[in-house]
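Here the structure comes first, spelled out in structure tokens, and everything after it is commentary.
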Amino acid sequence: MPARPLIDLHAHSTASDGTLGPAELVRAAADAGLDVVAITDHDTTAGWAAAVDALPAGLSLVRGAELSCRWQGAEPALPLHLLAYLFDPEHPELVAELARVRQAREVRGERIVELLRADGIDVSWTQIMAAADGGTVGRPHIAAALIRAGLVATTTEAFGPQWLGQRYRLPKEDTDVFRAVALVRAAGGVPVFAHPRASRRGRIVPDSLIAELAEAGLAGLEADHEDHTPEEAEYVRQLAADLGLLVTGSSDFHGSHKTVRLGAHTTAVEAYERIVAAASGVTGVASG
Ligand code: AMP
Ligand code: FE
Ligand code: FE
Ligand code: ZN
């Protein structure tokens, strides 16, 4: 690995709401000049095997996931995302919880489509599920259907308040965030709070929660992310320093569902090495 490797620890494939397959994702990561990439699909490890099989020479792969969580300390409960790295993908309780969340996403997605149809908007749940092709289904798949129907021009527009951002938004049955941290640790993995200050996405959690999560086993905070302003990223870096947490930076690449490029934000090698050292699951870093 070079002295200053390019490390991007947050990327999605068609196993959830990205638009590149896992094999295409690792090839795109190599083409982007990355030395390390993490595959972090929402609530699934389904893309891992294909990504490992297609790993180009010289690229290292961190197998991970982005867990849909909620904090019950706000009313209504506040949704948040927990990145989990290098955990045992066969840990029974974690496997069961991921399956439960994916199933709940399907129930919720179908209900969103029912709300749209009740307003005369012609989108089909069957077609949306077919397009998701077995991947974890989410609002980006419904956004794609709205685009196909010519109702909106872009994913960003589909996430506006008139559409999936508010009017047709329903909550998911997410995992309690303290339970998620405990499960990831129990599976030997390393939990990192994704985009914790992204106020443009909606409500954000108080620092007191992040301090409690740090006590409960949270390992790090994602600071450099396209949904953070430079001030928000700096705030996260300071909070992490205060709490003894590591700091990551990542693209949160979703293919053409978003405009951000692989490697747009990166993680320092020291933080990456702390993540690898903290992992005790059976899943080490895979190298191509
Ligand atoms: P869901 O998990 O079904 O609630 O959908 C959330 C996902 O939608 C996130 O993981 C992002 O990939 C995507 N997303 C959220 N907000 C936006 C936005 N404003 N523009 C594009 N994609 C978004
Ligand atoms: Fe996503
Ligand atoms: Fe996220
Ligand atoms: Zn993500």
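Note that ligands are numbered from 1 as they come in the structure, with each ligand's atoms numbered from 1 the same way.
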With no hydrogens and no angle check, is any side-chain donor or acceptor of Asp8 less than 3.5 Å from a backbone partner on Ser251?
yes
Could you find the nearest protein heavy atom to atom 9 (C) of ligand 1 and give me its residue, atom name and distance?
Asp17 OD2, 4.0 Å
How far is atom 2 (O) of ligand 1 from its nearest protein heavy atom, and which residue and atom name does that atom have?
Arg105 NH2, 3.0 Å
Could you point out which residue of Arg139, His257, His42 forms a side-chain hydrogen bond (donor to acceptor under 3.5 Å, both in side chains) with Asp17?
His42
Ligand 1 to Pro140, heavy atom cutoff 4.0 Å, flagged ligand atoms 5 (O), 7 (C), 8 (O), 13 (C)
Backbone, side chain, both or neither: what part of Glu66 comes under 4.0 angstrom of ligand 1, heavy atoms only?
neither
Name of whichever N/O/S atom of Asp17 is nearest to the Fe ion (ligand 2)
OD2
Ligand 1 contact on Lys258 by region, counting heavy-atom pairs under 4.0 Å
side chain
Indicate yes or no: does an N/O atom of Arg108 lie under 3.5 Å from an N/O atom of ligand 1?
yes
Considering only protein heavy atoms, which is closest to atom 20 (N) of ligand 1, and at what distance to one decimal place?
Phe159 CD1, 3.9 Å
Would you mind naming the N, O or S atom of His254 nearest to the Fe ion (ligand 2)?
NE2
Apply the test side-chain contact (heavy atoms from CB on, under 4.5 Å) to residues Ile7 and Val62: give CA-CA distance (whole Å), side-chain angles for both, the deciding distance (0.1 Å), then the verdict.
CA-CA 10 Å; Ile7 302 168; Val62 172; over 6 Å; no
Taking atom 6 (C) of ligand 1 as the reference point, the nearest protein heavy atom with its distance
Arg139 NH2, 3.7 Å
Is His195 close enough to the Fe ion (ligand 3) to have an N, O or S atom under 2.8 Å?
yes
Examine distances only and state if a side-chain atom of Glu157 and a backbone atom of Ala153 form a donor-acceptor pair shorter than 3.5 Å.
yes
Taking the basic N atoms (NZ, or NE/NH1/NH2) and the acidic carboxylate oxygens, is any pair closer than 4.0 Å for Glu24 and Arg27?
no
Contact check: Glu66 to the Fe ion (ligand 3), N/O/S below 2.8 Å:
yes
The protein heavy atom nearest to atom 10 (O) of ligand 1 is His42 NE2, 2.9 Å
When you measure from atom 12 (O) of ligand 1 to every protein heavy atom, which one gives the shortest distance, and what is it?
His254 NE2, 2.7 Å
Relative to the heavy atoms of Gly138, which atoms of ligand 1 are at a distance of less than 4.0 Å?
3 (O)
Do Arg63 and Asp88 sit within salt-bridge range, that is, some charged N less than 4.0 Å from a carboxylate O?
no
Taking the side chain from Asp119 and the backbone from Ile121, do they hold a donor-acceptor pair closer than 3.5 Å?
no
Indicate yes or no for a side-chain donor-acceptor contact from Tyr85 to the backbone of Leu9 under 3.5 Å, with no hydrogens or angles considered.
yes
Is there a donor-acceptor contact under 3.5 Å from the side chain of Ser16 to the main chain of Asp41?
no
Does any donor atom in the side chain of Thr175 or Glu97 lie under 3.5 Å from an acceptor atom in the other side chain?
yes
For Ala29 and Leu262, which heavy atoms make the closest approach, and how far apart are they?
N-CD1, 3.6 Å
Atoms of ligand 1 less than 4.0 Å from Thr155 heavy atoms?
21 (C), 22 (N)
Within His42, is some N, O or S atom less than 2.8 Å away from the Fe ion (ligand 2)?
yes
Just wondering, is there an N, O or S atom on His81 that's nearer than 2.8 Å to the Fe ion (ligand 3)?
yes
